[in-house]
Every structure is written in structure tokens, then in C-alpha cells.
**Student:** 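Submitted below is the structure of interest, expressed as C-alpha cells.
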There are 2 protein chains.
Amino acid sequence: MYSIGRVSEMFGIPVSTLRYYDKEGLFPDMERSSGIRRFSERELEALRVIECLKASGLSIKEIRQFMDMVGEGPVSYSRRRALFEGRRAALEAEMAEMERVLAMLKFKCWYYETAEREGTEEGIEALLPDSLPPEIQVFYDRAHNKPKEE
Amino acid sequence: MYSIGRVSEMFGIPVSTLRYYDKEGLFPDMERSSGIRRFSERELEALRVIECLKASGLSIKEIRQFMDMVGEGPVSYSRRRALFEGRRAALEAEMAEMERVLAMLKFKCWYYETAEREGTEEGIEALLPDSLPPEIQVFYDRAHNKPKEE
DNA sequence: ATAACACCTAAACCTGACTTTAAGTCAAGC
DNA sequence: GCTTGACTTAAAGTCAGGTTTAGGTGTTAT
């Protein structure tokens, strides 16, 4: 059993945030002894799941709904599984988008590296043709074409 | 030259957001004809960069600082480059973290898949040893050990 | 026994990124 | 000439996710 201060140290999460999570129902049925929160292994595991779901893009309210499902027992296994499958798909999509962003960042790094060397941005396009890996060239095209409808 | 409504359609960004960006100084020296904003290719490219920097985790104020650098001309090439290098490193770190989160999500998918099949969560640990790819087993260890100091 | 410290609550406050509202301008079509 | 639709502004409102504050309790070290 851990005090809120101890858990705060262990996870690097402010005490105020842990209390806020509790208030939002993220630690259902947490024990207390004379009013004081007692974090057990169950709450620590909850906290690990919270950090994971949060990082996967879920809001506090949605995480709370997951905790409610846990409280329902075995009947919610399939819903819980569906939740994690959904998060997995969402995260994979997000990572794909980040690859795109990373390609633009790399292009911009190259661009300013070149501009710095040349002293000007004039005519950088002309330097492009073969000096960059294909995935960045592709991005260059995207970045400088007229934008498409969305 | 494009109207704000046209740009909104092209980029899928609300008109109110474009005006907000303008107010925050993200389109320095944008042209106007009798009060009405005129988006040129320069503003469209700015918008592409804004979306990229935003996706890389920069705040509106930080993006504004970048736009100010652009206004300074060639003297800021190296600072601009440093900015993009920093964003690139940050994004790469973030993606590494997301890989970790993804491993936990995959583990949880497996976990509830198994629980659903077994009808209970009892004894799932025992099923673990060789049924999962190593990167998930590693995560299972992380998830069930006592947490470390941070 | 008194100070220090960790804990408690409720409620107010904060920040970032927008969005909405209210009131007005302006050009084009009927 | 008047309505319609796209534009304008400043200011207020919204939402999530906390953080801070004010006032109080309970245990421990000097």
C-alpha cells in the first residue's frame, strides 16, 4: 500500500493530478483509511493503463468509461477488447501521419542547410533533383503544389 | 489569390481558425483589398508549415516566432534550421514513445482476447510464456513489475 | 506542547486553442 | 433599391486538463 505522495514520486505525476484523477472516477473503489487514500497494486496498474490510454489519445472521460467497464466484470471483456483494438488502430494511423510530418521536417532541415550554405533561398528548387532521398523529394512536390481539395 | 472561404475549403480549416491564426501573427504582411484578406501562395505555404509545426508539437506562439524569423531574412537561416532540427528530434522521440504505448495496447488486445476465450482473467499470466512475440512479453514484464522510481 | 509535515476538501483559477456572438461593410443579382 | 452571401471586427464564451488556494485534520519529532 502506497500513500498518494509515494505514488506521485514513483510515477512522476503531481499529487494534485492524482487527486484530480480520483475525483474523475479513475480509481473506482480505492481504499481509504480514515479519509486517506491508499493506493494498492490495483491502483498502480490502473495508473499504468491510464498513462497508456491517455498517450493513445483518449480523454479522461473516456478512460473513466473504461474503468466502469472493468467494474462490470467479464461481461465487458469484448467491449474492453474493442476499445484497445480501436486505440491501436488510431495510434497506428497517428504514427503514419507523423511519418509524413517527419518527412516535411527533414525536407525543411535540408532546405535551410542549403540556404545557409548558399546564403540565399533563391534557386534552391534547382538544387533539388537528385540531392535528396526520394521520400523527401516526394514531400517537396506535395509542399509546393497547389493544395488539393479536402 | 484566394479568399478566406476558399482557403478554408482547400485546407479543411474553419474560417474562424484562419482569422485566429492571422490575429496571432501567423501570416505577417498578408495582403488585403479594402479590408478583405487575400491569401497568396506565400500564405498557403505558411499554412502548410503551420500544420507541420503544429503536428510536431509547437504552440501557436512558437510558430509565430518562426514567422518572425522568416521576416528577418537570411540572418535567421541557422536559427530556422536549428528549430526544424529540434522538432525533428522531438518528433522522433515522440514516435519512440508511441511504439512503447503501441506495445502495451497490443498486449492488452491479446489479454482481453484471451480473457474472452477463457471466460475469466484468472491465470492469464500462466498462459503467457511463449504465446506472445518477445516485444510484448517485455511489456508484460514492465506492466506487472513494481514501478520504478522516475 | 508545539512545530513540521503529509494528508484532506471544495472551489476558484489558469492556459491554449479555438468558437461564437453581435454588429457592421460591401458587391452582385433580381 | 433591396436582399443575399461573403466578408469584417472586438469581445465573450467554451472545453479539457489540470493547478492553486484557503482552510482544516492527524501523526510524528523536538
Side-chain angles (χ1 to χ4, degrees), chain A residues 1-40 43-44 46-47 49-67 87 90 94 97 101 149-150, chain B residues 1-27 29-40 43-44 46-67 87 90 94 97 101 149-150:
Chain A
M1 290 296 208
Y2 307 87
S3 71
I4 198 169
R6 185 84 185 79
V7 174
S8 165
E9 283 169 29
M10 290 191 303
F11 282 79
I13 296 175
V15 167
S16 62
T17 303
L18 293 173
R19 286 205 265 253
Y20 166 67
Y21 285 174
D22 185 25
K23 206 177 60 180
E24 294 300 310
L26 267 41
F27 304 118
D29 322 309
M30 180 163 45
E31 274 185 51
R32 293 194 180 216
S33 61
S34 60
I36 287 170
R37 290 173 186 84
R38 291 293 158 204
F39 289 71
S40 70
E43 277 73 41
L44 300 190
L47 210 35
V49 173
I50 288 165
E51 297 215 293
C52 169
L53 290 178
K54 218 162 69 86
S56 87
L58 240 52
S59 71
I60 300 296
K61 266 169 202 165
E62 289 166 320
I63 296 173
R64 194 230 151 100
Q65 289 170 17
F66 171 74
M67 294 304 170
R87 281 303 91 199
E94 223 181 292
E97 169 60 13
V101 171
E149 311 294 318
E150 288 182 29
Chain B
M1 289 296 207
Y2 307 87
S3 72
I4 198 169
R6 186 83 185 78
V7 174
S8 165
E9 283 169 28
M10 290 191 303
F11 282 79
I13 297 175
V15 167
S16 62
T17 303
L18 293 172
R19 285 205 267 255
Y20 165 68
Y21 285 172
D22 185 24
K23 206 176 60 179
E24 295 301 309
L26 266 41
F27 304 118
D29 323 309
M30 180 162 45
E31 274 185 53
R32 295 197 177 213
S33 60
S34 61
I36 288 169
R37 291 173 186 83
R38 290 295 158 202
F39 289 71
S40 70
E43 278 71 44
L44 300 190
L47 210 35
R48 284 177 213 118
V49 173
I50 288 165
E51 297 214 294
C52 168
L53 290 178
K54 218 162 68 86
S56 86
L58 241 51
S59 71
I60 300 295
K61 266 170 200 163
E62 290 166 319
I63 296 173
R64 195 230 150 100
Q65 288 170 18
F66 171 74
M67 294 303 172
R87 282 301 93 199
E94 223 181 294
E97 170 61 13
V101 171
E149 311 293 318
E150 288 185 26

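Predicted model, so just to flag it, every value in this text is computed and none were measured. Side chains included, hydrogens not; waters and symmetry mates left out as well; all remaining heavy atoms used.
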**Student:** Among C:dC7, C:dG16, C:dC18, find the nucleotide with the atom closest to the side chain of B:Ile60.
**Tutor:** C:dC18

**Student:** Which residues pass the side chain to side chain contact (heavy atoms under 4.5 Å, CB included) test with A:Arg37, sequence neighbours left out?
**Tutor:** A:Ile4, A:Arg19, A:Asp22, A:Met30, A:Arg32, A:Phe39

**Student:** Round to the nearest Å and state the distance from B:Leu18 atom CG to D:dC7 atom P.
**Tutor:** 10 Å

**Student:** Rounded to whole angstrom units, what separation is found between the CE atom of B:Met1 and the P atom of D:dC7?
**Tutor:** 15 Å

**Student:** Is A:Thr17 near enough to D:dG17 that one of its side-chain N or O atoms lies under 4.0 angstrom from OP1 or OP2?
**Tutor:** no

**Student:** Please determine if a side-chain N or O atom of B:Lys54 lies less than 4.0 Å away from the OP1 or OP2 oxygen of C:dC18.
**Tutor:** yes

**Student:** Judged by each residue's nearest nucleotide on DNA chain D, which is more toward the 5′ side, A:Ile36 or A:Ser16?
**Tutor:** A:Ser16

**Student:** Roughly, in whole Å, what's the span from OH in B:Tyr20 to C1' in D:dT14?
**Tutor:** 13 Å

**Student:** Report each atom pair, protein N/O against N/O of nucleotides 9-13 of chain D, whose distance is under 3.5 angstrom.
**Tutor:**
residue: D:dT9; atom: OP1; partner: B:Arg32; partner atom: NH1; Å: 2.9
residue: D:dT9; atom: OP1; partner: B:Arg32; partner atom: NH2; Å: 3.1
residue: D:dT9; atom: OP2; partner: B:Arg37; partner atom: NH1; Å: 3.2
residue: D:dT9; atom: OP2; partner: B:Arg37; partner atom: NH2; Å: 2.8

**Student:** What is the separation between atom CZ on B:Arg64 and atom P on C:dA17, rounded to the nearest whole Å?
**Tutor:** 14 Å

**Student:** May I ask you to decide if B:Ser56's main-chain N or O and B:Arg87's side chain share a donor-acceptor pair within less than 3.5 Å?
**Tutor:** yes

**Student:** When rounded to the nearest 0.5 angstrom, what is the spacing between CZ in A:Arg38 and OH in A:Tyr2?
**Tutor:** 12.5 Å

**Student:** How many whole angstroms separate atom CZ of B:Arg38 from atom P of C:dA27?
**Tutor:** 11 Å

**Student:** Check step by step if side chain to side chain contact (heavy atoms under 4.5 Å, CB included) holds for A:Leu58 and A:Phe66.
**Tutor:** CA-CA 10 Å; A:Leu58 240 52; A:Phe66 171 74; 5.6 Å; no

**Student:** Relative to the 5' end of DNA chain D, which residue comes earlier, A:Tyr21 or A:Ser34, by the nucleotide with the nearest heavy atom?
**Tutor:** A:Tyr21

**Student:** Given atom CD of B:Glu24 and atom C1' of C:dG16, what is their separation to the nearest angstrom?
**Tutor:** 10 Å

**Student:** Round to the nearest Å and state the distance from B:Arg6 atom CZ to D:dG5 atom C1'.
**Tutor:** 17 Å

**Student:** I'd like to check B:Ile63 versus B:Tyr21 (side-chain heavy atoms, cut-off strictly below 4.5 Å). Are they in contact?
**Tutor:** no

**Student:** Given the rule in the salt bridge (Lys or Arg N to Asp or Glu O under 4.0 Å) test, do B:Glu9 and B:Arg6 qualify, once you have shown the distances and angles that lead to the verdict?
**Tutor:** CA-CA 5 Å; B:Glu9 283 169 28; B:Arg6 186 83 185 78; 3.8 Å; yes

**Student:** Whole Å only: how far is the CG atom of B:Leu53 from the C1' atom of C:dG16?
**Tutor:** 17 Å

**Student:** Before you tell me yes or no, could you show the steps for B:Ile36 and B:Ser3 under side chain to side chain contact (heavy atoms under 4.5 Å, CB included), namely the whole-Å CA-CA distance, both residues' side-chain angles and the distance that decides it to 0.1 Å?
**Tutor:** CA-CA 8 Å; B:Ile36 288 169; B:Ser3 72; 5.9 Å; no

